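Encoded as structure tokens, the structure appears first; notes follow it.
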Amino acid sequence: MDSMTAQDPVLARELAAYREWWRLAGVDCDFVDDATAWLAEPETTAPVEATSAAQQLPPVTRPVALSGQPLAPDAPPLAPPPDLLGDSPPATLDEFSEWWMTAPGLDAVGPRGRVPPRGAAGAALMVLVIHPEEGDRERLLSGPQGRLLDAILAAMGCTPNDAYVASALPRFTPMADCPAEAARGMDAVLAHHIELAAPQRIVAFGAGLAALIGSEDKKDYGNLRKFNHKPPNMPVLVSEDLDSLMSMPRLKARFWRRWIEWSATQA
């Protein structure tokens, strides 16, 4: 018999052993070339009655924002900012200064450590900073920043008594988050403070003050020129904070150029 066609008993036993091994492993089906999703969940067919009932229900609608995008169904409505001024806000600048130093809900710490504003109502210039200096106690800006401010006012032709000096926050607050302070109602407090002070112009030292004053442009400080509250259209110049001006002379030069240009437009 030809060796190519004769059955090899050893090979036959090996093939039988292979088949038995695969059978014991649980593989007893043929293989095909088409891919099969073995791990997919089995498809379920909805009952005919349920499908028919669902087709009769009206479509579910979701609320849509003005932008055209659907609103999240679980999104809670935005709460209005707290009214820190209360039902009877201070009616004069003297009353505001007393309220500023004693109001219990103005900040989380309480009255201890607050620094009052200084100056008189109707000043030619209101100087606004974000918060007092670290060592301030009885007088706002009593340290190096205050000395720089006195030099700036002298160069402007103003004495320290000619300006009304105030801070947007009542105590030294390093790394103050001005947008967060505005969201909790300090922007309304500052607006009321400015209304009572009624200065002719405002110079605000600190880029973050743009958020508290209400500017839409918080980067281009020179373009912030109006405070749109009472009194209306009050000219405002926002610059870097006094601490930055002390440490970087080029910022002093830039502030002075802005002041000259801005003053010329207000003459």
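Only a predicted model underlies this, so the values are computations on that prediction, with no experimental measurement involved.
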### Message
Using side-chain heavy atoms (C-beta onward) and a distance below 4.5 Å, is Leu149 in contact with Val165?
### Response
yes
### Query
Just by modelled atom types, is the Asp177 backbone N or O under 3.5 Å from a matching donor or acceptor in the Glu181 side chain?
no
### Query
Donor-acceptor pair, Arg118 side chain versus Leu140 backbone, under 3.5 Å?
yes
### Query
Is there a side-chain contact between Met234 and Ile194 (heavy atoms, below 4.5 Å)?
yes
### Message
One pair to check against side-chain hydrogen bond (donor to acceptor under 3.5 Å, both in side chains): Asp94 and Ser97. What are the steps and the verdict?
### Response
CA-CA 5 Å; Asp94 290 338; Ser97 182; over 6 Å; no
### Query
Quick one: does Ser244's side chain have a donor or acceptor within less than 3.5 Å of a partner on Glu240's backbone?
no
### Message
Less than 4.5 Å apart, side chain to side chain, heavy atoms only: is that true for Tyr164 and Pro199?
### Response
no
### Query
Taking His131 for the side chain and Thr173 for the main chain, is one N or O donor matched with an acceptor at less than 3.5 Å?
yes
### Query
When you measure from the side chain of Gln200 to the backbone N and O of Leu125, does any donor-acceptor pair fall under 3.5 Å?
no
### Donor-acceptor under 3.5 Å (Thr265 side chain, Trp262 main chain)
yes
### Query
Under 4.5 Å between any side-chain heavy atoms of Phe255 and Val203, yes or no?
yes
### Message
Between Arg139 (side chain only) and Pro117 (backbone N and O only), is there a donor and an acceptor less than 3.5 Å apart?
### Response
no
### Task
Say whether, by atom type as modelled, one donor and one acceptor occur between the side chain of Asp136 and the main chain of Ser142 under 3.5 angstrom.
yes
